[in-house]
Amino acid sequence: MTDEPRLLTVSRPLKADLHVHSFHSGFTSTLRMFRSLDCYSTPEEVYRRAKARGMDVVTITDHDSINGCLELLDRHPDAPDILVGEEIECRLPDTGIRVHLGAFGLSERIHRDVQPLCGDVREAAAFLRAHSVGLVLHHPFHFFRGEMPVGRYLEDLLPLVHAVEARNGTMLPGHNETVARLVAARAQLGLGQTGGSDAHVLSHVGDSYTNASGMKPEPMAGMALTPAAAFLDSLKRGETRAAGRHGTPGRFAFEIYGVVFNYWGGLLGLRRSGLSAGERLSGLGCSLVSLPFQFTPLLVSIAQKIGERRRVARWNRELETT
């Protein structure tokens with residue numbers, strides 16, 4: 001007899017879109033005067049869309065909120081395929097760089113207790129990992145503007161997480177491919193690579209996703225894991241791969257247009273808006289006055305993606321010379 005645990009396959013390979021939003025992401029930080037939600041999709045709509053797109057596990061990563069996942073669990077209390085997730089905004093101290101962590105396997109208590117630590121991403125990550133939460137570094141170069149050497153930026157962040165988002169559905173191929181290459185070059189860290197649509201509209205849910213092994217070493221034969229638990233275990237062991245679509249200026253513009261049209265639907269009472277009747281009336285007035293400016297997302301998207309392409313090229317050159 002041996003005391004060593006034997007390997008037991010408890011699940012087949014699994015798929016999940018690990019970066020999805022719902023209306024619980026709250027109000028957008030841009031154009032605050034309009035009081036537009038960041039996303040208008042309901043958690044139930046996200047769930048049904050993800051399942052229709054072939055996802056074995058469903059999560060919602062709202063900004064600093066787990067309410068989308070809690071709402072799903074309230075509607076589907078026995079569902080084995082719901083993984084509680086959140087996108088937590090943290091900061092790198094001294095530089096103030098914004099960092100988004102995809103956190104999975106949270107409880108309400110862990111969500112509450114991590115909030116005071118978010119001023120230092122290292123403290124927040126250490127707390128979450130100590131509580132068996134799976135961590136993913138989302139879109140690593142989205143907020144980075146060269147506030148510190150890019151090599152040191154990566155050295156500070158990569159050891160904190162279990163995986164890095166290498167296929168974000170709103171980021172250009174060059175961005176995603178650079179991230180994938182940097183993670184692969186640091187194999188000693190044992191990091192997985194994840195994919196997520198970063199969808200703020202329903203039609204993009206499941207466009208980008210993560211493949212997980214869905215296998216776990218178990219000490220006892222006959223033990224079974226739910227798909228969500230098996231996926232989380234694979235994520236924490238770095239056994240995930242990114243798949244699906246990259247972003248394009250057109251796709252990014254479609255996201256913006258989608259939110260604009262849903263905003264109008266909210267003002268007209270056709271969708272949940274989070275606004276009082278008076279606020280909706282005021283929003284209609286502001287929107288009518290600024291109507292010509294609400295239909296330029298393609299220009300905004302092209303400008304943002306040109307900037308993204310230039311920045312990623314700069315970080316690549318800097319890394320090649322270090």
Side-chain angles (χ1 to χ4, degrees), residues 7 10-11 13-20 55-62 64 66 69 82-90 92 99-107 110-111 113-114 117-118 120-142 153-168 171 176 178-198 208-218 225-244:
L7 292 178
V10 296
S11 179
L14 302 167
K15 292 168 57 176
D17 182 345
L18 287 188
H19 196 165
V20 188
M55 300 300 113
D56 301 290
V57 174
V58 179
T59 188
I60 298 175
T61 52
D62 285 316
D64 300 309
I66 60 172
C69 291
I82 297 173
L83 177 61
V84 177
E86 178 178 13
E87 186 172 45
I88 303 174
E89 180 164 297
C90 301
L92 261 175
V99 178
H100 281 185
L101 294 180
F104 303 94
L106 295 149
S107 67
I110 294 171
H111 159 75
D113 291 349
V114 76
L117 306 177
C118 292
D120 188 333
V121 64
R122 292 166 295 200
E123 291 185 10
F127 172 83
L128 292 167
R129 291 188 68 145
H131 288 79
S132 299
V133 174
L135 293 182
V136 177
L137 177 60
H138 279 175
H139 42 56
F141 295 124
H142 182 51
Y153 171 72
L154 295 170
E155 290 170 5
D156 282 354
L157 291 180
L158 296 188
L160 304 180
V161 298
H162 299 101
V164 182
E165 186 179 61
R167 189 70 60 91
N168 180 291
M171 298 295 156
N176 290 330
T178 293
V179 174
R181 185 169 62 253
L182 292 172
V183 173
R186 291 159 174 78
Q188 73 278 8
L189 295 176
L191 298 174
Q193 298 187 23
T194 68
S197 64
D198 203 354
S208 310
Y209 55 91
T210 303
N211 288 309
S213 65
M215 300 169 63
K216 175 180 175 167
E218 287 289 344
L225 290 175
T226 65
F231 192 100
L232 178 60
D233 186 76
S234 295
L235 174 66
K236 291 191 291 185
R237 288 185 286 119
E239 297 180 0
T240 53
R241 294 179 293 107

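Because only heavy atoms are used, hydrogens play no part in the values below, and waters and symmetry mates are left out as well, while side chains stay in.
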In Å, rounded to the nearest 0.5 Å, how long is the span from CD of E165 to OG1 of T240? 11.0 Å
State, yes or no, whether a side-chain contact exists between S132 and K236 at a heavy-atom distance under 4.5 Å. yes
Is a side-chain N or O of H162 found less than 3.5 angstrom from the main chain of G238, in a donor-acceptor match? no
Which value, rounded to the nearest 0.5 Å, describes the distance between L83 atom CG and I60 atom CD1? 11.0 Å
Quick one, V164 and P140 - any side-chain contact, counting heavy atoms below 4.5 Å? yes
Answer yes or no: does atom CZ of R129 have more than 12 heavy-atom neighbours from other residues, nucleotides or ligands under 6.0 Å? yes
Over all heavy atoms of both residues, which pair between L101 and C90 is shortest? Give the atoms and the distance, please. CD1-SG, 4.1 Å
Short side-chain to backbone donor-acceptor contact, R167 and S208, under 3.5 Å: no
Closest contact, heavy atoms only, N176 versus A166: CB-O, 3.2 Å
On a heavy-atom basis, the closest approach of H19 and T61 is CA-OG1, 3.4 Å
Value rounded to 0.5 Å, distance of CG in L106 from NE2 in H111: 8.5 Å
For V136 and V161, work out which heavy atoms get closest and say how close. C-CG1, 4.2 Å
Using only atom types and a distance under 3.5 Å, with no angle test, would you say the side chain of T210 pairs donor to acceptor with the backbone of G195? yes
Test S197 against V20 for side chain to side chain contact (heavy atoms under 4.5 Å, CB included), laying out the working first. CA-CA 6 Å; S197 64; V20 188; 4.1 Å; yes
V57 vs F104 side-chain heavy atoms within contact, under 4.5 Å: no
Does any part of the side chain of L160, heavy atoms only, come nearer than 4.5 Å to the side chain of L137, both counted from C-beta? no
Please name all residues satisfying side chain to side chain donor-acceptor pair (under 3.5 Å) with D56, sequence neighbours left out, ordered by chain then number. R12
Please check if the distance between the ring centroids of H142 and H100 is under 6.0 Å. no
Please evaluate residues M171 and V179 with respect to the criterion side chain to side chain contact (heavy atoms under 4.5 Å, CB included), reporting the C-alpha separation (whole Å), side-chain torsions for both, the decisive distance (0.1 Å), and the verdict. CA-CA 11 Å; M171 298 295 156; V179 174; over 6 Å; no
With a 3.5 Å distance limit and no angle check, can you tell me whether E239 reaches the backbone of S234 through a side-chain donor-acceptor pair? no
With a 4.5 Å limit on heavy-atom distance, are the side chains of F127 and V133 in contact? no
Which atom names give the shortest non-hydrogen contact between N211 and K15, and what distance separates them? OD1-CG, 3.1 Å
Minimal non-hydrogen separation, A230 against L14, with atom names: CB-CD1, 4.0 Å
Using the side-chain contact (heavy atoms from CB on, under 4.5 Å) rule, pick out the option among T59, L18, T226 that qualifies with F231. L18
